[in-house]
Amino acid sequence: LAMNWVRKKVISELKKNPSGYTISELSKKLKITRHTIANVFAFLEGARKIKIRQAGMAKIYFWKK
């Protein structure tokens, strides 16, 4: 149940920001652990709902339109 709430928050933020987020940025913004954000991104990646771009060491996650 808690995970669904977190997923909805993450998806909502991703949809609002077309320039995407790193795990750290989203973690700070939503005050949710990086580990939890990473789990949500892994789930969304598996569901093919997000795009990922490598930028140096960082990965930037985007909502797929």
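This one's a predicted model, so the numbers in the text were calculated from it and none came from an experiment.
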Enquirer: Would you call K59 and R53 a side-chain contact if the rule is heavy atoms closer than 4.5 Å?
Expert: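 Not touching, per the 4.5 Å side-chain cut-off.
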Enquirer: From I11 CD1 over to K49 NZ, what is the distance, rounded to the nearest 0.5 angstrom?
Expert: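 It comes to 8.0 Å.
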Enquirer: Starting from L44, can I reach I32 by hopping between I/L/V/M/F/W/Y residues whose side chains sit under 4.5 Å apart?
Expert: yes
Enquirer: Around K31, counting heavy atoms of other residues, nucleotides and ligands shown, do more than 12 lie under 6.0 Å from its NZ?
Expert: no
Enquirer: With rounding to the nearest 0.5 angstrom, report the CD1 to CZ distance, I23 to F41.
Expert: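 With rounding to 0.5 Å, CD1 (I23) is 6.5 Å from CZ (F41).
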Enquirer: With heavy-atom distances below 4.5 Å as the criterion, would you say the side chains of K9 and V6 are in contact?
Expert: no
Enquirer: Strictly distance-based, threshold 3.5 Å: is any side-chain N or O of Q54 a donor or acceptor partner for the main-chain N or O of G56?
Expert: yes
Enquirer: What distance do I37 atom CD1 and R7 atom CZ have between them, rounded to the nearest 0.5 Å?
Expert: 12.0 Å
Enquirer: Restricting to non-hydrogen atoms, name the atom on M3 and the atom on T36 that form the minimum distance, rounded to 0.1 Å.
Expert: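 For M3 and T36, the tightest heavy-atom pair comes out as CE-O, 4.3 Å.
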Enquirer: Would you tell me whether S27 and S24 have side-chain atoms, one donor and one acceptor, within less than 3.5 Å of each other?
Expert: no
Enquirer: For E13, which residues count as a side-chain contact (heavy atoms from CB on, under 4.5 Å) partner, sequence neighbours excluded?
Expert: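 K16, Y21, L26, K29, L30.
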Enquirer: Please report the interatomic distance CH2(W63) to NZ(K65), rounded to the nearest 0.5 Å.
Expert: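 Spacing of CH2 (W63) from NZ (K65) equals 10.5 Å.
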Enquirer: Linking I/L/V/M/F/W/Y whenever their side-chain heavy atoms sit closer than 4.5 Å, directly or via other members, would I60 and V40 fall into one cluster?
Expert: no
Enquirer: Nearest 0.5 Å please: distance from the CD1 atom of I52 over to the OG1 atom of T22.
Expert: 12.5 Å
